[in-house]
Student: 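Structure incoming, see below.
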Amino acid sequence: MKHTTFKQPLLKLLALVVLCIAVFGFTANRGLDRYEIYLNNKLILKQAVNDPLVLRKLQLDKADENDRLRIVYIHCTNKGIGTGRSIVIKDEKGDVLKKWTFKDDEKNMEISVKELLQVEKQHQGSDLSLRYVAKELYEPEMLLASVRFK
């Protein structure tokens with residue numbers, strides 16, 4: 001009488017499961033970038049990139065020309081600040097209307113409200129969007145879908 005055992009196929013299956021856990025269980029989480037937008041020191045928007053889309057509209061009708069918009073964008077891949085960073089304002093056609101470039105070693109990206117008002121005044125009636133650009137991103141990340149001022 002011959003006994004059939006299932007030990008070898010079971011061991012292969014177990015080895016495959018362990019290998020899958022080792023490979024997929026320790027990969028870097030993608031899409032966990034997050035950002036915060038402040039008007040002066042007041043937080044006005046906090047968003048994780050992979051969260052469900054919210055209406056990302058910025059109403060600066062109560063902002064003064066001397067106010068500052070501060071953006072903090074944190075990448076998950078390098079635990080912090082990106083490289084080759086800039087903030088751009090685009091119109092509905094995708095044309096870049098204004099670009100601000102920032103140093104790699106500065107966490108905060110600040111833009112004066114006065115500059116934002118100038119761009120809006122020059123392009124009245126256009127739907128403007130604020131986007132973040134960095135070498136770590138495949139394409140610019142939309143921070144605000146609609147920027148409206150006074």
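Computed from a predicted structure; not experimentally measured.
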Student: Looking at OG of Ser112 and CG of Asp64, how far apart are the two atoms once the value is rounded to the nearest 0.5 Å?
Tutor: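 Answer for the OG-CG pair, Ser112 versus Asp64, is 11.0 Å.
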Student: Please check if atom CZ in Arg34 has more than 12 non-hydrogen atoms from other residues, nucleotides or ligands closer than 6.0 Å.
Tutor: no
Student: What's the spacing between Glu36 CD and Ile44 CD1 if we round to 0.5 Å?
Tutor: 11.5 Å
Student: Output yes when a side-chain donor or acceptor of Glu136 lies under 3.5 Å from a complementary backbone atom of Thr83, and no otherwise.
Tutor: yes
Student: Can you tell me if Glu106 has over 12 outside heavy atoms packed within less than 6.0 Å of its CD?
Tutor: yes
Student: Where do Val113 and Leu69 come nearest, in terms of heavy atoms and distance?
Tutor: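 Closest approach of Val113 to Leu69, heavy atoms only: CG2-N, 4.4 Å.
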Student: Counting only N and O atoms by type, is there a donor-acceptor contact under 3.5 Å from the side chain of Asn40 to the main-chain atoms of Lys42?
Tutor: no
Student: Side chains of Tyr38 and Ile71: does their closest heavy-atom pair fall under 4.5 Å?
Tutor: no
Student: Tell me the salt bridge (charged side-chain N to carboxylate O under 4.0 Å, His left out) pairs involving residues 82-95, sequence neighbours left out?
Tutor: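 For residues 82-95: none.
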Student: For Phe102, check ring-ring contact (aromatic ring centres under 6.0 Å, His included) against everything at least two apart and list the hits.
Tutor: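 Result, ring-ring contact (aromatic ring centres under 6.0 Å, His included) vs Phe102: none returned.
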Student: So, do Ile87 and Leu143 sit near enough that their side-chain heavy atoms are less than 4.5 Å apart?
Tutor: yes
Student: Do Val88 and Leu130 make a side-chain contact, defined as non-hydrogen atoms from C-beta onward lying under 4.5 Å apart?
Tutor: no
Student: Looking at Ser86 and Thr101, what are the two nearest heavy atoms and their distance?
Tutor: CB-CA, 4.0 Å
Student: With clusters defined by side-chain heavy atoms of hydrophobic residues (ILVMFWY) lying less than 4.5 Å apart, directly or transitively, does Leu43 cluster with Ile74?
Tutor: yes
Student: Before accepting this row, confirm whether a basic side-chain N of the pair Glu115/Lys98 lies closer than 4.0 Å to the acidic partner's carboxylate O.
Tutor: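 Salt bridge between Glu115 and Lys98, a charged N being under 4.0 Å from a carboxylate O: yes.
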Student: Strictly by ring-ring contact (aromatic ring centres under 6.0 Å, His included), give each pair with a member in residues 119-142 just once, sequence neighbours left out.
Tutor: Tyr73-Tyr132, His75-Tyr132
Student: Is any side-chain heavy atom of Ile37 closer than 4.5 Å to one of Arg70?
Tutor: no
Student: Answer yes if Ile89 and Val133 sit in the same cluster of Ile, Leu, Val, Met, Phe, Trp and Tyr residues linked by side chain heavy atoms under 4.5 Å apart, and no otherwise.
Tutor: no
Student: Hey, are the side chains of Glu120 and Leu128 touching, using non-hydrogen atoms and a 4.5 Å cut-off?
Tutor: yes
